[in-house]
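Comments concern the structure below.
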Amino acid sequence: MKATAIAPANIAFIKYWGKADDARRLPLNPSISMNLSACITTTTVEFSPDFEKDTVSEGFDEKRILTHIDRIRRIAKINMCSKITTKNSFPASAGIASSASGFAALTVAAAAALGLKLGELELSVLARLGSGSACRSIPDGFVKWEDSYAYSLYPPSYWDLRDILLIIENNVKDVSSSAGHEGAYTSPFFTKRLQEVPKRISRLEAALAKKDFQKLGEVIEEDCLDVHHVMQTQSPPLFYWNEKTRQVIRAIKKSGLPVYFTIDAGPNVHLICEAKDEKQVIDIFGNTYQIIVNKPSRGARLC
Ligand code: PMV
């Protein structure tokens with residue numbers, strides 16, 4: 001009873017921040033993301049009556065992973081212990097949130113190892129219970145998450161975009177996004193954000209439909225700035241950016257290139273551009289920062 005799955009991380013163009021239901025990780029707003037081809041988790045899950053206890057690869061959050069395995073074991077009504085081996089394609093110390101790719105790969109591998117025949121929607125629901133944004137790493141390409149599950153808006157081949165990820169800092173963030181969501185309500189700007197997001201979702205969907213890169217980039221930046229404004233005005237405030245993050249944003253704006261920034265719960269900057277501008281963007285930052293070049297990717301799948 002063994003299966004291996006791979007899953008990509010994803011970058012949110014319109015971000016999920018704040019939960020309607022903490023335990024079930026139901027979001028207060030819809031979000032849209034792109035799966036990342038070069039930020040991949042590979043996970044093997046094996047169940048055997050010979051195992052005396054559960055084991056998880058070193059360096060990963062064992063408690064959170066086993067809580068998720070318990071969930072899947074309950075569905076399958078199987079009690080055997082598991083061996084979980086997982087690795088990321090990106091350096092463990094790169095400060096890239098791996099919970100989305102991690103819980104998507106874990107869900108697909110564990111469900112298959114236990115013989116559960118789940119469709120994409122059910123896998124997305126299940127992955128969400130491990131980590132909210134993981135539900136967006138199950139479907140292919142450009143993905144929308146509404147309420148309980150995520151689905152593909154367009155396949156990866158739809159638009160040859162790049163996410164040029166600049167690794168600004170190698171340290172793991174002090175406050176996890178899971179904890180951060182819980183404080184969102186305390187920001188005086190959160191209600192305003194929730195009112196604005198549906199309009200941004202419509203604008204982003206229109207830009208995607210027309211492949212209007214400028215409009216896409218503008219709304220991506222607007223939502224990034226808005227979500228970080230909420231984070232910074234929560235109680236306690238969350239400051240995920242540092243001076244280098246701000247320097248990169250200034251350099252990008254000064255360059256005049258058609259490239260737009262977005263930032264998750266950490267200081268690393270994702271630079272979104274079209275394939276034709278990839279080289280010029282890399283030329284600006286390639287000597288200063290470690291760079292990971294991502295294309296739109298398929299979602300989670302068995303190997
Ligand atoms: O899925 P979580 O709990 O790690 O939250 C993700 C939060 C952001 O990365 C900031 C936004 C998003 O939608 O990915």
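Each residue takes its place number in the sequence, starting with 1. First listed ligand is number 1; within each ligand, the first listed atom is number 1.
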**Q.** same_hphob_cluster(Leu161, Val281) at 4.5 Å side-chain heavy-atom cutoff
**A.** no
Q. Which of the atoms in ligand 1, numbered in the order shown and given with their element, are less than 4.0 Å from a heavy-atom of Ser99?
A. 4 (O)
Q: Using a strict cut-off of 4.0 Å, indicate which atoms of ligand 1 neighbour a heavy atom of Ala12.
A: 12 (C), 13 (O), 14 (O)
Q.
Taking a cutoff of less than 4.0 Å between a non-hydrogen atom of the residue and any ligand atom, is Ser31 in contact with ligand 1?
A. no
Q.
I'd like to know if Arg162 and Asp160 make a salt bridge, using a cut-off of under 4.0 Å between side-chain N and carboxylate O.
A. yes
Q: May I have all residue pairs that pass ring pair (Phe, Tyr, Trp, His ring centres under 6.0 Å) and include part of residues 30-58, sequence neighbours excluded?
A: none
Q. Which ligand 1 atoms does Ser131 reach within 4.0 Å, using its non-hydrogen atoms?
A. 1 (O)
(Q) Using side-chain heavy atoms (C-beta onward) and a distance below 4.5 Å, is Asp54 in contact with Arg73? (A) yes
**Q.** Any N/O pair Ser177/ligand 1 closer than 3.5 Å
**A.** yes
Q: Return the set of residues passing side chain to side chain donor-acceptor pair (under 3.5 Å) with Lys144 (not counting sequence neighbours), or none when no residue passes.
A: Glu205
Q.
Quick check against the 3.5 Å criterion: does Ser124 have a side-chain atom that pairs as donor or acceptor with the backbone of Cys135?
A. yes
**Q.** Nitrogen or oxygen of Ser133 less than 3.5 angstrom from that of ligand 1
**A.** yes
Q: Kindly compute the distance separating CG (Asn29) from CG (Leu194), expressed to the nearest 0.5 Å.
A: 6.0 Å
Q) Has ligand 1 got any nitrogen or oxygen that is less than 3.5 angstrom from a nitrogen or oxygen of Arg136? A) yes
Q: May I ask you to check if ligand 1 and Asn10 share an N or O to N or O distance below 3.5 Å?
A: no
Q: Give the contacting part of Arg25 toward ligand 1: side chain, backbone, both or neither, where contact means a heavy-atom distance below 4.0 Å.
A: neither
Q. For Arg298 and Ser37, what are the C-alpha separation, side-chain angles and deciding distance, and is it a side chain to side chain donor-acceptor pair (under 3.5 Å)?
A. CA-CA 8 Å; Arg298 287 176 64 193; Ser37 63; over 6 Å; no
Q.
With heavy-atom distances below 4.0 Å as the criterion, list the atoms of ligand 1 near Gly132.
A. 1 (O)
Q) Polar-atom distance check: Lys15 versus ligand 1, any N or O pair below 3.5 Å? A) no
Q | Proximal candidate to atom 7 (C) of ligand 1 [heavy atom criterion; set Phe13, Tyr16, Phe103, Tyr240] | A | Tyr16
